[in-house]
Amino acid sequence: MSPAGNGPLHALAAVLRAEGGLIAASVCDPAPEADATLGALAAGGPRAHGERAAYAEIVEAVHEGHLVHTAPGARGRIVSTPDEDLALLVGDRLYALGLSRLAELGDLDAVAELADTIVLGAQAQATGDSELAAAAWEAGATAVGYGSSKALQTAKTAARNGDPSGPSALRAAARQLAGTGTNGPRHRIP
């Protein structure tokens with residue numbers, strides 16, 4: 001199992017299977033090494049207090065949506081389909097699932113943070129910038145769990161504007177928020 005465990009991925013797979021239909025048919029069990037570090041990062045923050053499992057699942061749902069939308073062959077950690085149209089549908093469903101669950105928890109600030117992350121992830125995909133995608137997801141998961149900061153907002157603006165320092169600024173701001181320092185979190189962030 002990955003250092004952060006992949007329990008949120010198992011829970012998410014169960015939710016999708018319970019919904020039935022075409023989406024359920026594309027769900028697979030996560031590999032033991034499947035990484036759920038982003039969910040753990042969000043769940044470790046003070047904003048997730050009392051709802052840690054929910055926050056981990058929410059962030060992993062939205063991240064899985066991003067992976068299914070952007071991965072070659074529409075392969076995520078729990079979703080796999082060769083059908084590109086179905087992959088878009090599944091990705092959209094995962095985005096909606098995560099964002100609606102945050103709204104149900106009343107955390108509209110976290111909804112905004114994940115929406116920003118989705119936009120930056122799409123920008124990274126469009127430009128082929130995997131460094132920006134990884135930095136955006138680290139920053140987004142951190143902001144969901146720890147809140148935002150002026151430095152993070154400035155870094156997001158730089159990244160949106162194509163500033164080459166955007167990814168490093170996103171990571172630095174996220175690590176400052178999470179208190180992990182400049183060397184980053186203890187676990188690898190995809």
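Just so it is clear, the values below take in all heavy atoms, side chains as well, and ignore hydrogens, waters and symmetry mates. Remember, it's a predicted structure, so these values are computed and weren't measured experimentally.
- Across all non-hydrogen atoms, the minimal contact from W137 to V59 is CZ3-O, 4.4 Å.
- Taking P30 as the reference, N6, L9, H10, A34, I78 meet the side chain to side chain contact (heavy atoms under 4.5 Å, CB included) condition, with sequence neighbours excluded.
- Checked by atom type and distance alone, the side chain of R77 pairs as donor or acceptor with a backbone atom of D35 at under 3.5 Å.
- Nearest heavy atoms, L41 versus A141: CD2-CB, 4.0 Å.
- Among residue pairs with one or both ends in residues 154-180, none qualify as ring-ring contact (aromatic ring centres under 6.0 Å, His included); sequence neighbours excluded.
- Looking at R93, its side chain never comes within 3.5 Å of a backbone N or O of L88 through a donor-acceptor pair.
- For S168, the side chain to side chain contact (heavy atoms under 4.5 Å, CB included) partners two or more places apart in sequence, or in a different chain, are S165.
- Residues in residues 43-54 take part in these side-chain hydrogen bond (donor to acceptor under 3.5 Å, both in side chains) pairs, two or more places apart or across chains: R47-D107.
- With sequence neighbours excluded, no residue forms a salt bridge (charged side-chain N to carboxylate O under 4.0 Å, His left out) with D109.
- Looking only at distances, a side-chain donor or acceptor of E64 sits under 3.5 Å from a matching main-chain atom of V79.
- Between the E60 side chain and the G39 main chain, a donor and an acceptor come within less than 3.5 Å of each other.
- Side-chain contact between L94 and L16: present, with at least one pair of heavy atoms (C-beta onward) separated by less than 4.5 Å.
- When all heavy atoms are compared, the tightest approach of V90 to S26 is CG2-OG, 3.9 Å.
- Judged by distance alone, with hydrogens and angles left aside, the side-chain atoms of N161 form a donor-acceptor pair with the main-chain N or O of T157 at under 3.5 Å.
- Residues L12 and V27 fail the side-chain proximity criterion, which asks for heavy atoms closer than 4.5 Å.
- Enclosure of atom CG in L22 is not indicated, since only 12 or fewer non-hydrogen atoms of other residues, nucleotides or ligands lie within 6.0 angstrom.
- Residues passing the side chain to side chain contact (heavy atoms under 4.5 Å, CB included) test with D29 are R17, sequence neighbours excluded.
- In this structure, the separation between CG on L99 and CZ on R101 is 11.5 Å, given to the nearest 0.5 Å.
- Among residues two or more places apart in sequence or in another chain, the salt bridge (charged side-chain N to carboxylate O under 4.0 Å, His left out) test is passed with E131 by none.
- For the ring-ring contact (aromatic ring centres under 6.0 Å, His included) condition, the pairs that include at least one residue of residues 75-99, sequence neighbours left out, are H69-Y95.
- When all heavy atoms of C28 and A13 are compared, the pair lying nearest together is O-CB, 4.3 Å.
- Listed by first then second residue, pairs satisfying ring-ring contact (aromatic ring centres under 6.0 Å, His included) with a partner in residues 13-46 number zero, not counting sequence neighbours.
- Residue pairs meeting the salt bridge (Lys or Arg N to Asp or Glu O under 4.0 Å) criterion with at least one member in residues 119-128: none, sequence neighbours excluded.
- Contact record, V111 with A103: CG2-N, 3.9 Å, taken as the closest heavy-atom pair.
- L177 is linked by a side chain to side chain contact (heavy atoms under 4.5 Å, CB included) to T142, Y146, S149, L152, counting only residues two or more places apart in sequence or in another chain.
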Verify side chain to side chain contact (heavy atoms under 4.5 Å, CB included) between Q123 and L132, making sure each step is shown before the conclusion.
CA-CA 9 Å; Q123 178 181 333; L132 174 58; 4.1 Å; yes
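- Residues L89 and D83 form no side-chain contact, since every pair of their non-hydrogen atoms from C-beta on lies 4.5 Å or further apart.
- Screening residues 12-44 for ring-ring contact (aromatic ring centres under 6.0 Å, His included), with sequence neighbours left out, gives no hits.
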Go through the steps to decide whether V62 and H66 satisfy the test side chain to side chain contact (heavy atoms under 4.5 Å, CB included), and finish with yes or no.
CA-CA 6 Å; V62 176; H66 167 78; over 6 Å; no
